[in-house]
Every structure is written in C-alpha cells, then in structure tokens.
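Presented below is the structure to which this report refers.
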Amino acid sequence: MVQVLPSNFVKIDFCSYSMSLIMNLVCRLRIHLDPDYFELHMCKCPGETGSGKTTQIPQYLYEAGIGRQGIIAVTQPRRVAAISLATRVSNEKKTELGKLVGYTVRFEDLSSEETRIKFLTDGMLLREAIGDPLLRKYSVIILDEAHERTIHTDVLFGVVKAALRKRKDLGKFPLKVVIMSATMDVDQFSQYFNRAPVLYLEGRQHPIQIFYTKQPQSDYLQAALVSVFQIHQEAPSSQDILVFLTGQEEIEAMTKTCRDIAKHLPDGCPQMAVMPLYASLPYSQQLRVFQPAPKGYRKVILSTNIAETSITIAGIKYVVDTGMVKAKKYSPESGLEVLAVQRVSKAQAWQRTGRAGPEDSGVCYRLYTEDEFEKFDKMTIPEIQRCNLASVMLQLLALRIPNVLTFDFMSKPSPDAIRAAIEQLDLLGAVDRKEAQVMLTPLGRKMAAFPLEPKFSKTILLSPKFHCTEEILTIVSLLSVDSILYNPPSRRDEVQSVRKKFISSEGDHLTLLNVYRAFRNVSGNKEWCRENFVNNRNMMLVSEVRAQLRDICLKLSLPIESSRSDTGNIRRCLAHSLFMNTAELQPDGTYATVDSNQLVAIHPSSVLFHCKPACVTYNELLHTNKCYMRDLCVVDADWLYDAAPDYFRRKLRAAKN
DNA sequence: GAGCACTGC
C-alpha cells in the first residue's frame, strides 16, 4: 500500500503574486524593426500565442506590397515548424502549397518562382547565405523564435546585419529585418540592431497557478513522485500531468515506479496511463502521448525538455517542474564536451510553466523554493557560447566575412573558444594563418560545401586517396544521424545475440558499415529492421544524407571508388582525418589521449568496450560520469605519424618536457 | 569497467 505524503507545498495565490512575475506569465510578442523600416499599422495579432505573429505578419507584409521586390523569408529553428507554418499560411491565402507560399528545409524544397512568402529553417538560410552573402533574393527576413538563441539564429543575426549594411552601401534595394521573440529581454536585440524600434504585442495566455515547495528538495525524483500522486488523488481524471525530468534512464526508471505504485492505489482513485517521452524513443511510442487516455485514465507524461518547445501536447492541466535539465557544456581548453544535470534558467522554467493550460487555466508545481528560483540564471546561455565553434568559423570564412576573429556576434563566444576552433581548422588544413589574418584554403572552401562537421568533410575529401569514397560516404552518413541501432533495455540479451553477426573487431565505423550493407542487401526491408533491432526511420534518413553528400562529391568532381572488402584503406583514411582524436593504451590498462594526455575510457556503447586495442581514433569525447570516447576505430600508430608528422613531433616534444 | 539533453545543414 502506498502512503501519499501530506502536502509539502505552499500555495501561492495568483493575485498576490509579484507584478514582475505576472508580467512574465502574460505572453508578449516583441518585434524589433530595422530603423528605416516603414511603419507597421498593426498592433494586434489574432490567434493563439506562438501562432498568430508568425502566420499573420508575413501576410501583412505581403499585402503591403513588400513581397514585390523580393521574397519574404521567415526562419524557424525546427523543420516541422517551418513545414506546418507554410501549410497553414498557404491555406489562409487559399493557394496551393509551394506556389505563393512555400518552404525550404533540408531534403525538401516546396517553393517555386512564384513563391513570395517562404518559410525555412535557420540553418537552411545560413547555407543559402554562403552562396549569396547579401541575400539578394529577399526583401524581408523575419527571424522568428529568436529567444531560443540557436547557434544558427545567432550567426544569422550577424549575417543579416552585415547584409543590411552592405546592401545600403551598395545602393541595392534595402533589406528589411524583423526579429520576433517572446522574452522580456528586448534591449539586447534592439541595441544590437542599431537601436531598432520595438513593437510589443499582447497574445492570449490563460492564468496559471504556481506552487513552490516550502523547503528545498534534496531528491527531486522523490519530490516529483510525491507530487504526481498528490495531484492524481485530488484532480479529476480528465486532467493530464506533464513532468519534466532530465534523461532517458531517469524517465524509464520513473515510468516503472509510477506504474508499480499506480497498481496499488486505493479504491475510487482514477487509473493512470504513464508514458515516457524523449527524443530517442521510437516514433510510434512518441505518438502515444498525443492520443487521449481511455476513459477513467489520467495521462502522466514523463518527459525531457523535448516537451518544452519541440512537442506540444494538448490537454495538459498540470506541469511538474523538477527545475533540472541535462545540458551540454563545452570547455575549449580541454576540447571536452561535458553533459551534466544542472539547474534550468528562469526563462526555461517559464517556458515549462507555459506548457500547463495553453487552452485553459493550468497549474504548475515547481519542485524548488521561490528563493531558489530567484537565484536561477535569468536566461539560458546561448548555444553559441556552449559549443565547439569549428563549423561556425568555417561557415563564416566561407561567407567571406573580412575578419572572423572580430565577427559582430550579439553574444560573443570566448576568445579561447574561437582560438580552439581556428586551431582545429588549421590542423585539418582548412585555413592558412598569415599574421593576424585567417584565410580559407581551397580545401577549406570544399569542406564548407558539406553539411557536416569539418572533420567529417575532411574525411570525405581525403577518401579518394585511399580509394574508399563509397564506404566513407556511408560511414559519415551513418554517423550524422541519430543512432540506427535500437537498444530496448528489456531485451538486451536478444539484441546482443542478433547483433553479433555485424560486429567488426576493427571498431564501430566498420560495424555500422556492415549493418548498412546488410540493410541494402535486403533492400531496406522493414521486417528485417525489426528482427535486427535497426531503426528503420533513421536508416532511411541515412540513405537521404548519403545521396546528398554523394551529390556534393560529384559537383566537386571527386572520384568515387569502392574499396570493396579492403577495410584497411577505410581505417587508414579515418586515421588520416581523425589523427587529432586518438588515444593509446597505457601499461596500466587505461587510455590516454595523444593530444592532451587526458585519461579516457571506451564508451559502453562501443563494440570495442570489452577489447583493449593499442591505438584508436574516436569521433568525440563526452564527459558524463567519466570521460568517454565514442565511435572508435582501431588504427596503427604508424599511420597516424604518416598523417601528421609535424603534429606528432610537437606532441612528443611536449610529452618529454 | 557500465551509459546518451535537444535541434540542424
């Protein structure tokens, strides 16, 4: 029998709440305009929050005749958003999608000569800018969801600002820029865009009651569990609960606990349908959260921050916010990415709160005290300050930015991070450094043509030398989508025995290649995927990525050969492009990286987990509980020395000192 | 010896 603990919450009445916090709850729309923008006669946007502004403003601009000189672009951080918004606006205009209103995302371009309002992902617009830094096709660029501060949006801020100025200087028809965001923090945007005027629009938001805990909670999982069952015993069963947790493992464990407890609830209590939700969950299981629960059942969704922005679930009445999130940080000194559980920012907490009652009033339980909340960071640190910048720097160079070291970022990354990125590009042969200038090499320009991390572009460009471009294209494609291997924890033994036939003692790259070859041999048979615990959807994506990369190779006139059964050449090619990511076995059985002598371990997901090869290259280092190498390939130490003699001489000298 | 937040080109 489960004993539900007495309430450990203090109720905070919405009316007695501090004014500034209530202001936060009222969703506000902010539009920032370029100073020489024409006056907008439009102050109210109909519709729900998050939809009205994005669908109406492009149409108003079009009606005002702006679309005549060029296309009106609207960027979105996510593909699905770009596609669904384009569909809605074209419906409102009563036109066929792809004609007046269209969209462009990777692998899908539904736009034409006639298109005047175009929705695209921010990454797509950035890629277009490499072809034309002045963005001449466009009369207006609307950067939507700017408060999310994705790395692409942040780079676009600088790119459109430069394009705006240059077009003015050159006397071309002016570019208009509209930044749309849903934060209180508008000054920063306005300042950056030459004190552009700010337009505030009010949307609709139903009131949400907020509860804080009286005391700080030492165990947020326990607190979440108590809250869920407290709500469950009090609220009508039609009202669903959304709980924000940090990761897959935690969510699976909590799912099991909730289901166990729900079996032993007292009579008269509603039934409970507990559903996990995280990105790597198979699509079919993700869809379950959208279906209404059977009568008499309450839906309890245990989610990562995927439900914060990417997935919106109707019918949520209660949000339980643990105040924790798992997020990546990057330290340029060590080149290490650290994935750690940490506190959310205030902005993130408000975003979570807003997920309660988008269509009706809601309730949010915050599993921290109000004092604790006041100490949260105001905003989440923009992605551009938490990432390896190698890709961004390569793109800026390809955009012919005069000096990438002094690029006008709205939030500047640390000089260390920029230096580390340039260093990495230098090692890959993408840049030349002359005095204080950084120049793109011809190789670097080719690398920028691929939608990949620079090291993988380099791998492809090196592959003709080893006569294995077909295989490298496959391997790089496999690495650039989410895992194609499905590992349900409950069927681990089964998975292991089925997977045996694919495993290569030479490492993960060649194992993945084996899976792909087998998949091709059965022509992508779905049944085969199920039997072999292969994620069919991701595998189809691999084929699409591969076709795109192969296309780029053809455009660059790269000879595309197959090494057939010779895996040595494939490994040599990987050694030559990933030589800066290598580790050697130490006498005590541990591994140390060649680059910085960092103690590292083989990630449990690697096929080499139980092996001890003398020398390996890896795709990335990830620090969780330990510092792990992910995706390994067994290589010869001699190959590495051949690949970069200067680099290894330097490392050897450093080791002696 | 034992593990992986989320996007995107």
Side-chain angles (χ1 to χ4, degrees), chain A residues 75-82 104-109 120-131 145 148-156 244-253 277-281 303-311 322 324-329 337-342 344 348 351 380 383-384 386-387 391-392 394-395 398 447-454 456-457 476-477 480-483 485 487 489 492 541 544-545 548-549 552 588-591 600-606 608-612 620-631:
Chain A
T75 69
Q76 292 294 317
R78 284 167 292 278
R79 290 168 55 95
V80 275
T104 308
V105 297
R106 191 181 185 184
F107 308 128
E108 267 182 83
D109 181 7
L120 11 59
T121 45
D122 46 15
M124 202 68 212
L125 186 63
L126 203 53
R127 197 136 277 278
E128 282 189 12
I130 293 177
E145 310 287 4
E148 287 192 26
R149 303 296 302 273
T150 71
I151 197 159
H152 291 146
T153 308
D154 263 39
V155 177
L156 277 174
F244 284 102
L245 297 164
T246 67
Q248 173 177 348
E249 203 181 288
E250 190 175 285
I251 286 170
E252 289 295 352
L277 180 64
Y278 46 88
S280 61
L281 196 70
S303 173
T304 60
N305 46 349
I306 193 170
E308 240 171 67
T309 50
S310 305
I311 291 181
T322 57
M324 306 305 279
V325 66
K326 198 180 275 185
K328 211 184 243 181
K329 284 189 269 187
E337 292 178 321
V338 183
L339 191 63
V341 172
Q342 51 198 292
V344 296
Q348 240 176 322
Q351 181 70 36
T380 310
E383 199 185 354
I384 199 146
R386 292 185 283 124
C387 275
S391 295
V392 167
L394 186 66
Q395 274 181 326
M447 282 166 62
F450 291 94
L452 295 169
E453 272 181 63
F456 293 135
S457 312
V476 168
S477 305
S480 67
V481 305
D482 288 336
S483 180
L485 304 176
N487 299 308
R492 233 168 68 179
L541 205 60
E544 272 190 290
V545 173
Q548 187 190 24
L549 299 180
I552 297 169
D588 65 355
T590 62
Y591 283 87
V600 290
I602 298 176
H603 195 276
S605 67
S606 172
L608 298 177
F609 183 55
H610 293 286
C611 312
K612 291 226 177 276
E620 61 171 359
L621 288 181
L622 185 72
H623 197 109
T624 49
N625 290 330
K626 257 193 200 171
C627 192
Y628 286 108
M629 301 179 276
R630 299 215 306 193
D631 300 313

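Owing to the predicted nature of the structure, the values given are computational and were not obtained by experimental measurement. Just the heavy atoms: all of them, side chains too, but no hydrogens, waters or symmetry mates, feed the values below.
Residue contacts shown for A:L339 include a base, since a base heavy atom lies under 4.0 Å away. A:R78 comes within 4.0 angstrom of the backbone, heavy atoms only, and of no base. Counting non-hydrogen atoms under 4.0 angstrom, A:R386 reaches nothing in the nucleic acid. Counting non-hydrogen atoms under 4.0 angstrom, A:R79 reaches the backbone sugars and phosphates but no base. Here A:T150 lies out of heavy-atom contact (under 4.0 Å) with every strand.
With no hydrogens or angles considered, a side-chain donor-acceptor pair links A:S605 and A:H603 at under 3.5 Å. A:Q248 and A:S280 share a side-chain donor-acceptor pair at under 3.5 Å.
If you measure from atom CZ of A:F107 to atom C1' of B:dG8, you get 10 Å, rounded to the nearest angstrom. The CZ atom of A:R149 sits 17 Å away from the C1' atom of B:dC6 (whole-angstrom rounding). Following rounding to the nearest Å, A:L608 (CG) and B:dG3 (C1') show an atom-to-atom distance of 16 Å. Distance A:E108 CD to B:dC9 P: 10 Å, rounded to the nearest Å. Atom-to-atom, CD of A:Q248 to P of B:dC6 comes out at 8 Å; the value is rounded to the nearest Å. Rounded to whole Å, the distance from NE2 on A:H623 to C1' on B:dC4 is 14 Å. Between A:K326 atom NZ and B:dC4 atom P the separation is 6 Å, expressed in whole Å. One interatomic measurement links the two molecules: CG of A:L245 to P of B:dA5, which rounds to 11 Å at whole-angstrom precision.
Mapped onto DNA chain B by nearest heavy atom, A:F450 and A:L277 fall at different nucleotides, with A:L277 at the one closer to the 5' end. In terms of position on DNA chain B, the residue among A:Q395 and A:Y278 whose nearest nucleotide sits closer to the 5' end is A:Y278.
In this structure, the aromatic ring of A:F609 is positioned over the six-membered ring of the base of B:dG1, centres within 5.5 Å and planes within 30°.
Of the possible donor and acceptor atoms, none in the side chain of A:T75 sits under 3.5 Å from a partner among the backbone N and O of A:L120.
Set against B:dC9, B:dA2, B:dC6, the side chain of A:K626 has B:dA2 as its closest nucleotide. Side-chain proximity of A:P604 to the nucleotides B:dG8, B:dG3, B:dA5 is greatest for B:dG3.
Close to B:dC6, at under 4.0 Å from its OP1 or OP2, lies no side-chain N or O of A:S310. Of the side-chain N and O atoms in A:H603, one or more sit less than 4.0 angstrom from OP1 or OP2 of B:dC4. Taking 4.0 angstrom as the limit, A:S605 places none of its side-chain polar atoms (N or O) nearer than this to OP1 or OP2 of B:dC4.
Heavy atoms only, all atoms of each residue included: A:V545 and A:S480 are closest at CG1-OG, 3.7 Å.
Taking a cutoff of 4.0 Å between a charged side-chain nitrogen and a carboxylate oxygen, A:K326 and A:E250 do not qualify as a salt bridge.
Residue-environment remark: CD (A:E249) stays at or below the threshold of 12 foreign heavy atoms within 6.0 Å.
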